[in-house]
Amino acid sequence: MTFILDPAQPSSGQSRLLEGLNPAQRVAVEYRGPALLIVAGAGSGKTSVLTRRIAGLLESSEAWPSQILAITFTNKAAAEMRERVQELVGRGAEGMWISTFHSACVRILRREAEHFGFTKKFTIYDSADSRALLKRIIKELNADTFGFTVSSASGRISKLKNELQDVESYARGANFNDPTEAMFLEIFRAYTRGLSSANAFDFDDLIGQTVYLFRAFPQVAALYQRRFRHILVDEYQDTNHAQYALIRELTRAPRTDLLAGATGFDGRELRDPTRELEPASLTVVGDSDQSIYAFRGADIRNIVEFERDFSGAKVVLLEQNYRSTQNILSAANAVISNNFDRKDKKLFTTVGDGEKIVGFTGYSQHDEAQFIADEVVTLHETGVQYRDIAVFYRTNAQTRALEEVFIRSALPYRVLGGTKFYERAEIKDVMGYLIAVANPADPMALRRIMNTPKRGIGPATEAALQSHADKSEKTLREAMREADQLGLGPKVTGAILRLGAILDEVALTADTAPVADVLTALLTKTKFVEALRASRDPQDEARAENVEELVAVTKEFQKNNPEGTLIDFLTETSLVAAADDLDDSSGTVSLMTLHTAKGLEYEAVFLTGVEEDLLPHRMSAGEPGGPAEERRLFYVGITRARRRLYLSLAMTRAQFGEVNVAMPSRYLQEIPADLIDWRQSPGMANSRGGTQPRAINANRAGFGAAPALGGGSDYSLDAGAPGATALARAAHNAARPKTEWTSGVTNTVRDNGDLTLKPGDRIRHLDFGEGRVSAVSGSGTKSIAEVQFETAGRKRLLIKISPIEKI
DNA sequence: ATGGTCAAGCTTTTT
DNA sequence: GCTTGACCAT
């Protein structure tokens, strides 16, 4: 948000920080008191307000940088905030803690882990790691016969941990007569034991154990309570109970009686440790309309009941929007007003109505994707940069069709989230080596690398090692060193000892050597990359490249963190989020889920798959508060757009490889019809490729199969809502061969070898029919033809793979 | 121990 | 339409 002022033109002191702010924003920057809640609607300039508030505290010498703790939702947001505070106050910003809940907790835990049976080299289990651990446990306990799956168990454990429950407290309330519950307790216990014996925390532990640490060791808590004088929390509506408890602990008055003789953060004794201090001041920023993480334990009550929780809290409301046009805001307001249990709040702007929202209904997901690709081309031609365009969807599975069409149209794009770099198998393998070196207690990492690359150590051998470890109460790693006592074959024994020796040897240098050197040593000694390159599997070549890429990442890390240790590197990589690697300015369209989109903004936004069962998602229908949360998600998506918003859906959508009829989302009717300009409405799409709007006497209850929410008085989309008749027709059509949908775009791809085209050539395209090439750009496999089709309009095609022929 | 084939189940959203 | 797990042949 660069609208407010240019920091390069400072006037003086506080007044400079208030320049360009509206009255509510000024209050939010200037208010001083124990607790402040800033209710910040979408696009209301909250980051500006937060950074100026921090800058104000620093400039007026009310706080040292080290006394400020600012918590954001993603590392990206943290980096941005740090940068913007720096712009305002320069080097005076050094020493602040600006980080996510998770990073802040890791920092605290690394310092204090030894208080409660962990070492500072603990590893962090990401969801995949903890699932792998649970999988072993469920198998060992035969818990699947009780109906437990990895995801059900992990979900339940996560929920409990977010409520600050542990095995003991859960056991106290458990009903042991219920065998299922007894079994769950077993799983929970084994899981907890597995983590602590591996010297590891899972994501939820990072928060929960920090709270436990503060509660069990008041003298530790007092240290942090005394240090942090100003705590600021962004996205407060998405905090869960554990995070709330953490904030509560940090904002208690420090017990100075516990601090005499304590050492501070620089290792020296504290200056006047017994000086009485007020509790830290707390500022939270949030918007309950943007709460979209209830499924992860976020508790909207944290923000709703803030005033009750922190007595004397001041509340400031920011409603003026500086991001979007009025049409976009009106749509957003109309949608969100259907959530009944909210404080009414209406976003407004002074920038004017802007363009109408564009609606489009494709015949299939590929048709929908093609529309988006065509519009992206048009936008780009009218001067919108690719980087200012984003495509949102509800589920990651929706990326496929979009990617296919983007590739065929030779549009530059990137997918945020989804299968992340660090989730790739080969990367996890290599990380496993690093973890095994850094934290020898962790058996999960060891199991992962034991036979990667293949060295003849199979499941039977691994089980023998494990049972030896169990018997002699040693770690798996220690058992490996004694492999010669197990009576295994000479070949296997040799392989185990060799691996153990490599790990031991590299571990000697791990505390001091640069991470890149540690990694290279491991890769060389294990011949990891050679093994991949020697493989017959063509994908292994790409995997080898990914591993090389990781080596580059470690070098980059060392450049940015000259003092960084292996542990630091592992911490950083386990806490990277989808939105974090977003910043680069390369000109690409961004594809992401609606969840990932939170906190971001784009000139043009495509919100795709606006269909029943997708948005709201089928899975949310049964959950209490599900449809309302999905509506907030839709709202978040809409409010990301600055000037152009596109809503699109498809008449049919393939899931699990099967084609199903899709119906318009109930949320579409909640947008006043005059705000949407339908290029192809659901009604038009239903009349089989015709271009005339079709008047249908809609049976309203049939629309989207949704209950007529909000009375449903005037929700006709411009062509009339498709009623039961149309839906029946759609169902009928879907049962027939797909060829009947003549204007549907398929995902056909072919290899055209070295077909070349030049302007003036006539071609026939499988989906678009005949057309004339108007321009050709790029070269080799990347050459792109711009083709004017007779009926389908103008398209960009990647020549090598398009289903075309010269005529 | 490994590598292949086949059926089953699967997809909400993420620090 | 893709990944995972079970099973079997080497």
Side-chain angles (χ1 to χ4, degrees), chain A residues 71-78 99-106 124-128 130-132 135 139 144 149-151 154-155 158 161-162 201-208 235 238-240 242-243 291-298 365 392-401 404 416-420 422-423 425 450-451 453-462 488-489 491-492 495 535-537 571 574-580 592-598 609 613-623 626 629-630 632-634 636-637 653-659 747:
Chain A
I71 307 264
T72 59
F73 202 68
T74 62
N75 295 304
K76 164 101 181 356
S99 68
T100 61
F101 271 106
H102 292 84
S103 318
C105 286
V106 170
I124 301 165
Y125 277 15
D126 65 18
S127 355
S130 56
R131 289 173 69 92
K135 195 166 160 186
K139 202 164 197 175
D144 52 338
T149 62
V150 172
S151 63
S154 99
S158 174
K161 288 189 175 185
N162 286 335
F201 294 111
D202 67 18
F203 276 140
D204 300 317
D205 284 339
L206 295 178
I207 317 289
E235 309 281 14
D238 283 324
T239 51
N240 61 34
Q243 291 164 334
S291 161
I292 54 173
Y293 282 101
F295 72 93
R296 199 168 84 190
Q365 54 209 335
F392 301 156
Y393 37 80
R394 180 71 223 307
T395 68
N396 281 306
Q398 288 166 254
T399 51
R400 186 162 302 130
E404 282 163 0
L416 301 176
T419 316
K420 282 165 264 169
Y422 290 102
E423 285 169 8
M450 191 99 70
N451 201 28
K454 298 264 178 306
R455 42 173 82 87
I457 309 174
T461 310
E462 188 198 301
L488 296 163
K491 259 175 112 171
V492 205
S535 151
R536 285 185 298 113
D537 186 341
T571 302
S574 29
L575 297 178
V576 289
D580 289 347
M592 71 192 84
T593 65
L594 284 164
H595 283 88
T596 304
K598 189 176 77 158
D613 287 348
L614 213 46
L615 191 68
H617 196 274
R618 184 184 299 118
M619 293 296 178
S620 74
E623 284 158 39
E629 172 142 327
E630 299 279 308
R632 290 194 290 270
L633 198 50
F634 187 48
V636 166
R653 189 168 292 274
Q655 270 177 324
F656 310 125
E658 247 179 289
V659 179
N747 66 344

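Below, read A as the first sequence line, B as the second, and so on, with proteins coming before strands; counting in each chain starts at 1.
- Proximity of A:Thr461 to the phosphate of B:dA1: a side-chain N or O atom is located under 4.0 Å from OP1 or OP2.
- Look at A:Asp613 and A:Arg653 and you find no salt bridge, because none of the NZ, NE, NH1 or NH2 atoms lies under 4.0 Å from a carboxylate O.
- Heavy atoms of A:Tyr293 sit under 4.0 angstrom from primed sugar atoms or phosphate atoms, though from no base atom.
- By the 4.5 Å heavy-atom criterion applied to side chains, A:Leu615 and A:Leu594 are counted as neighbours.
- For B:dT15, the OP1/OP2 oxygens have no side-chain nitrogen or oxygen of A:Thr74 closer than 4.0 Å.
- Between A:Gly456 and A:Arg400, the residue whose closest nucleotide on DNA chain B is further toward the 5' end is A:Gly456.
- Rounded to an integer number of Å, the gap from A:Met450 CE to B:dA1 P is 12 Å.
- Along DNA chain B, the nucleotide closest to A:Ile457 and the one closest to A:Gln243 are compared, and the more 5′ of them pairs with A:Ile457.
- Side-chain proximity of A:His102 to B:dT11, B:dT15, B:dT13: nearest is B:dT15.
- Counting to the nearest Å, the P atom of B:dC10 and the CG atom of A:Asp613 are 17 Å from each other.
- When each of C:dG1, B:dT15, C:dA6 is scored by its nearest atom to the side-chain atoms of A:Lys139, the top-ranked nucleotide is C:dA6.
- Atom-to-atom, OH of A:Tyr422 to P of B:dT15 comes out at 14 Å; the value is rounded to the nearest Å.
- A:Gln398 has its side chain within reach of A:Leu614: a pair of non-hydrogen atoms, C-beta onward, lies under 4.5 Å apart.
- Here A:Asn396 reaches the OP1 or OP2 of B:dT14: one of its side-chain N or O atoms lies under 4.0 Å away.
- A:Arg296 places its CZ atom 9 Å from the C1' atom of B:dT13, with the value rounded to the nearest Å.
- The CD-P distance, from A:Glu630 to B:dT13, rounds to 11 Å in whole Å.
- Side-chain atoms of A:Glu462 never come within 3.5 Å of backbone atoms of A:Met450 as a donor-acceptor pair (strictly under, hydrogens ignored).
- Side-chain nitrogen and oxygen atoms of A:Thr593 include at least one within less than 4.0 Å of the OP1 or OP2 phosphate oxygen of B:dT14.
- An OP1 or OP2 oxygen of B:dT2 is reached within less than 4.0 angstrom by a side-chain nitrogen or oxygen of A:Asn451.
- In this structure, A:Glu404 atom CD and C:dC2 atom P are separated by 9 Å, rounded to whole Å.
- For the pair A:Thr239 and A:Tyr293, the minimum side-chain heavy-atom distance is 4.5 Å or more.
- Of the candidates B:dA1, B:dT15, B:dT14, B:dT14 carries the atom nearest the A:Phe295 side chain, counting heavy atoms from C-beta on.
- Looking at the side chain of A:Ala460, the nearest of the listed nucleotides B:dT14, B:dA1, C:dA6 is B:dA1.
- Distance A:Asp126 CG to B:dT15 C1': 11 Å, rounded to the nearest Å.
- Protein atom CZ of A:Arg131 is 7 Å distant from nucleotide atom P of B:dT11, rounded to whole Å.
- For A:Phe203, whose side chain is taken as the heavy atoms from C-beta onward, the closest listed nucleotide among B:dT12, B:dT14, B:dT15 is B:dT15.
- Here the two rings, on A:His595 and A:Phe295, have centers that are under 6.0 Å apart.
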